[in-house]
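Read through the structure below, which is laid out as structure tokens, and then see the notes.
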Amino acid sequence: ILMAIFVISIHTISPDGTINYLLTQSMARIAVPFFFIAAGYYSPSNPMSSDIKKNFFRLTCLYIAWCIFYLPFEISDIAMKPLSASGYALESLYILVKGWRHLWFMPALIIGMVIYYFLHAHKRLYLIALSLYLIGFILQLRIEHGEYSILFYRNFLTFGFPQIVLGAALKQYRLPSMTVYPRVSLLLFFTGMLCAEGCIRLKLGIYDNDLLLFAPLVAAFIFMTALG
């Protein structure tokens, strides 16, 4: 429920002022990582082809259902753009692959899970995941924000997949069984670091905060606390 409230706050509260900024551009940004981490944690530790096929089918059906539900809005968005017939077709394909507005989460989750299936046994899995997340973090800082720029960092490769791996790591190393004192201590520490990161970004006037360094860690420890 808390994560759902955070998602709503991101889309409804203007980040004007320090408090609103730290809420919507810092603390609330743990919500989406939380859901990716949960997906990774509850995925099979050694997924078989039947597992990925079942999950792919279920998630794709759910995504298509939501696409149909939002179809009138999607058509309205596309129709407002002065495009040729081929342009409308490409724009429709783009929206389907990317996900219309907040539906971007579903393609990122589906394809991220597929990538995890193929790489889960790789000996450098964690290094790959961390590297991809850092690449996305850097791209977010370097690319001017726009309608299409977000695809370069908030996607299945540099956002979804690394956090799915983080969730799977929590289960593999039994981190939720960590005793209360160190778990809460680390949660408070990373929360403080996330707030500090938010303050720095506020001072720099940065408002593209989909990828934060400490948001996945705070989300992971909240998830472990919820399990505990």
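Along the sequence shown, the residues carry numbers beginning at 1. Bear in mind the structure is a predicted one, so any value in this text is a computation, not a measurement.
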Verify the cluster assignment for [X] and [Y]: are they in a single hydrophobic cluster under the rule of side-chain heavy atoms below 4.5 Å apart?
{"X": "L227", "Y": "L2", "value": "yes"}
{"X": "L119", "Y": "I164", "value": "yes"}
{"X": "F73", "Y": "V97", "value": "no"}
{"X": "L217", "Y": "V180", "value": "no"}
{"X": "L204", "Y": "M193", "value": "yes"}

Please name the pair of heavy atoms, one in [X] and one in [Y], separated by the smallest distance, quoted to 0.1 Å.
{"X": "L103", "Y": "P107", "value": "O-CD, 3.0 Å"}
{"X": "Y181", "Y": "S185", "value": "O-OG, 2.7 Å"}
{"X": "L211", "Y": "G136", "value": "CD2-C, 3.5 Å"}
{"X": "Y126", "Y": "A169", "value": "CE2-CB, 3.7 Å"}

May I ask you to test the [X]-[Y] pair for a side-chain heavy-atom distance under 4.5 Å?
{"X": "T191", "Y": "M27", "result": "yes"}
{"X": "M178", "Y": "L186", "result": "yes"}
{"X": "F214", "Y": "S26", "result": "no"}
{"X": "S45", "Y": "K171", "result": "yes"}
{"X": "T158", "Y": "Y133", "result": "no"}
{"X": "M113", "Y": "F56", "result": "no"}
{"X": "M3", "Y": "I30", "result": "yes"}

[Y] backbone acceptor or donor facing [X] side chain under 3.5 Å:
{"X": "Y63", "Y": "L96", "value": "yes"}
{"X": "D77", "Y": "M80", "value": "no"}
{"X": "T24", "Y": "N20", "value": "yes"}
{"X": "D51", "Y": "M48", "value": "yes"}
{"X": "S43", "Y": "A168", "value": "no"}
{"X": "E197", "Y": "L213", "value": "yes"}
{"X": "Q140", "Y": "D210", "value": "yes"}
{"X": "S9", "Y": "F6", "value": "yes"}
{"X": "H11", "Y": "I8", "value": "no"}
{"X": "R58", "Y": "K53", "value": "no"}

Should we count [atom1] of [X] as having more than 12 external heavy atoms under 6.0 Å?
{"X": "I19", "atom1": "CD1", "result": "no"}
{"X": "Y88", "atom1": "OH", "result": "yes"}
{"X": "F152", "atom1": "CZ", "result": "no"}
{"X": "F137", "atom1": "CZ", "result": "yes"}

- Message: Running the 4.5 Å side-chain criterion over Ile, Leu, Val, Met, Phe, Trp and Tyr, what cluster does I10 land in, apart from itself?
- Response: none

To the nearest 0.5 Å, how far apart are [atom1] in [X] and [atom2] in [Y]?
{"X": "L170", "Y": "Y41", "atom1": "CG", "atom2": "OH", "answer": "8.0 Å"}
{"X": "F156", "Y": "F161", "atom1": "CZ", "atom2": "CZ", "answer": "11.0 Å"}
{"X": "H120", "Y": "L125", "atom1": "NE2", "atom2": "CG", "answer": "9.0 Å"}
{"X": "M106", "Y": "I64", "atom1": "CE", "atom2": "CD1", "answer": "10.0 Å"}
{"X": "I68", "Y": "E74", "atom1": "CD1", "atom2": "CD", "answer": "9.5 Å"}
{"X": "F105", "Y": "I110", "atom1": "CZ", "atom2": "CD1", "answer": "10.0 Å"}

- Identify, with sequence neighbours excluded, every residue that meets side chain to side chain contact (heavy atoms under 4.5 Å, CB included) alongside I95. I78, E91, W100

Which of parallel (below 30°), tilted (30 to 60°) and perpendicular (above 60°) describes [X] and [Y]?
{"X": "F36", "Y": "W104", "result": "tilted"}
{"X": "Y21", "Y": "Y207", "result": "perpendicular"}
{"X": "F69", "Y": "W66", "result": "perpendicular"}

- F221 vs F190, ring-ring contact (aromatic ring centres under 6.0 Å, His included): CA-CA, chis, key distance, verdict: CA-CA 9 Å; F221 275 91; F190 287 128; 5.5 Å; yes

- Passing candidate, side chain to side chain contact (heavy atoms under 4.5 Å, CB included) with R201, options L141, L22, D208: L141

